[in-house]
Amino acid sequence: MNKKIGFTCAYTPVPLIEAAGFSPFRIFPESKAPDQAGHLLHDNLCPHVKKVLDRALADDLPELEGMVFINSCDSMRRLADAWHEAKPDDPIILLDLPSGINSLSLDFLSKEYERLAKTLFKWNNEPFSTEKIKDEIAKWNLLAASVKKIEGIMSRNYFPGIASGLQEIINTAATDSTDKALVMAQNKIEPEKPAKGGQSPVFVFGNLLFDPKVYDLFEEWNMHVTASDFCTTSRFVTQVDTKADDNIFRSMAISYMEQTPCARTMDTTKPGNIAQKIVQRAKESNAKGVIVFTLKFCDPYLARIPMIRQALQKESIPFLMLEGDCTMGSMGQQQTRIEAFTEMLGV
């Protein structure tokens, strides 16, 4: 599989891309492409969206057979619109993502996933096959299980390099293939180096944090990442519960919507659910503190932060909020605050 399908969101199911005979290529928002997105989008817009568009405008991408966009927020919708101008020859499909979680929204998303699958098979002139989809889901679930085992190891002890290694595995699944990522994951389950002490255990979450070198920096700054929840980490490798429904696409919709939600998604029956899930993940991973990395101008995340902070305060879990573009370039500016935070936590 060397024909690539580009995508930008963790709600894009990689098994559907691979079942249709394509390779996935998640477009990460980091490159040396010049800043040109302002010609098509407002300057005060999500840096993730703008940098992805910069890459398209600078031809800083491999050849793509098509692009999958998820209407997860207004900025992503604007990116889909701008793509028509930046890459007019690229086939595009835009999926709508429900903002709430209920039976009707799951029905809707399942139909969107079915539409995506049929479109991808059509783009590759392949006959539609639910059996191929099920086979790819089975491999994806093996990867998800391996990732979960590695996260379990991370939560119990500090092993130098394991966090960056896990990110390399997830990035491989996002930009190459599930098969390669699975081999890497199965080889990584047993840590290469012995456990060490002296690091402050921290749970990290937010929009996206995708560069493995960032996690090596955290270790230099006395931080042991016990677990993470970004759309580029564990949330991306969502295990699909094939027993959730007889319809494979509804099973997929249920699995993706029941994970820790993106900040723009809300369970209307439990409005503060995102805060409780963050508290739960922090406790399960044995973290002594929590750090959120948010993108500038991301209103959905900024709106959720107060309830998350309050929920953590009730549990006496220290909390640090950092804002930037979540790339290596901006991370150095956060060093002093991170080191002060980890020192305050103690060991």
Side-chain angles (χ1 to χ4, degrees), residues 29-30 46-48 151 153-167 193-235 260 263 274-347:
E30 186 166 40
C46 169
H48 175 197
E151 285 192 315
I153 293 169
M154 288 170 57
S155 71
R156 291 190 292 273
N157 284 296
Y158 165 55
F159 293 95
I162 195 169
S164 59
L166 176 59
Q167 191 59 49
K193 300 177 182 178
K196 291 179 65 177
Q199 302 290 94
S200 298
V202 178
F203 173 73
V204 294
F205 77 99
N207 306 81
L208 68 165
L209 205 62
F210 53 88
D211 193 326
K213 298 188 192 73
V214 170
Y215 295 92
D216 291 330
L217 269 183
F218 290 161
E219 293 181 4
E220 290 180 22
W221 299 342
N222 197 40
M223 191 165 110
H224 162 210
V225 175
T226 61
S228 63
D229 185 19
F230 297 91
C231 74
T232 49
T233 59
S234 58
R235 199 190 314 153
T260 303
I274 185 172
Q276 295 307 316
K277 287 204 171 187
I278 294 298
V279 170
Q280 181 181 348
R281 288 293 307 278
K283 286 183 172 182
E284 288 175 349
S285 65
N286 301 310
K288 287 190 175 181
V290 172
I291 301 180
V292 59
F293 295 87
T294 63
L295 290 167
K296 290 181 179 178
F297 312 119
C298 182
D299 291 338
Y301 253 104
L302 293 174
R304 299 286 188 273
I305 294 303
M307 72 169 69
I308 294 172
R309 178 185 281 112
Q310 186 177 32
L312 289 166
Q313 284 176 342
K314 285 184 178 178
E315 300 294 330
S316 299
I317 300 174
F319 174 70
L320 175 65
M321 175 181 167
L322 299 173
E323 191 177 10
D325 65 8
C326 299
T327 63
M328 280 291 290
S330 70
M331 202 53 64
Q333 302 168 16
Q334 316 288 3
Q335 178 178 356
T336 302
R337 295 185 67 194
I338 291 173
E339 287 182 325
F341 182 74
T342 55
E343 186 176 341
M344 179 267 294
L345 293 178
V347 179

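Quick caveat: nothing in here was measured; it's all calculated off a predicted structure.
- At distances below 3.5 Å, at least one donor-acceptor pair connects side-chain atoms of Gln199 with backbone N or O atoms of Glu219.
- Counting all heavy atoms, side chain and backbone alike, Pro29 lies closest to Phe210 at CD-CE2, 3.5 Å.
- A donor-acceptor contact shorter than 3.5 Å links the side chain of Gln167 to the backbone of Thr232.
- With no hydrogens or angles considered, a side-chain donor-acceptor pair links Thr226 and Ser285 at under 3.5 Å.
- In this structure, Asn286 contributes its side chain and Ser155 its backbone to a donor-acceptor pair below 3.5 Å.
- In this structure, the side chains of Leu345 and Met223 stay at 4.5 Å or more apart for every pair of heavy atoms.
- Of all heavy-atom pairs between Arg281 and Ala227, the closest is NH2-CB, 3.8 Å.
- The two residues Phe230 and Arg235 make their nearest non-hydrogen contact at O-CB, 3.2 Å.
- Here the shortest heavy-atom pairing between Tyr215 and Leu209 reads OH-O, 3.3 Å.
- One distance of note links CE of Met321 with OG1 of Thr294; it measures 4.0 Å at 0.5 Å rounding.
- The distance from the OG1 atom of Thr233 to the CD atom of Glu151 is 7.0 Å, given to the nearest 0.5 Å.
- Atom CG in Leu320 sits 9.5 Å away from atom CZ in Arg309 (nearest 0.5 Å).
- With rounding to the nearest 0.5 angstrom, the NE2 atom of His224 is 12.5 Å from the NZ atom of Lys196.
- Annotation for Glu284: atom CD counts as buried by contact number, over 12 foreign heavy atoms lying within 6.0 Å.
- Checking Asp216 against Ser164 by side-chain atom types alone, a donor-acceptor pair falls below 3.5 Å.
- The two residues Glu315 and Lys283 make their nearest non-hydrogen contact at OE1-NZ, 2.7 Å.
- For the atom pair Gln276 CD and Ile308 CD1, the distance stands at 10.5 Å (nearest 0.5 Å).
- Under the 4.5 Å side-chain criterion, counting only non-hydrogen atoms from C-beta, Met154 is in contact with Val225.
- Side-chain rings of Phe218 and Phe293 approach one another, their centers coming within less than 6.0 Å.
- Atom CG of residue Asn207 and atom CG of residue Leu295 lie 4.0 Å apart, to the nearest 0.5 angstrom.
- A 4.5 Å side-chain heavy-atom check between Val290 and Val279 finds every atom pair outside the cut-off.
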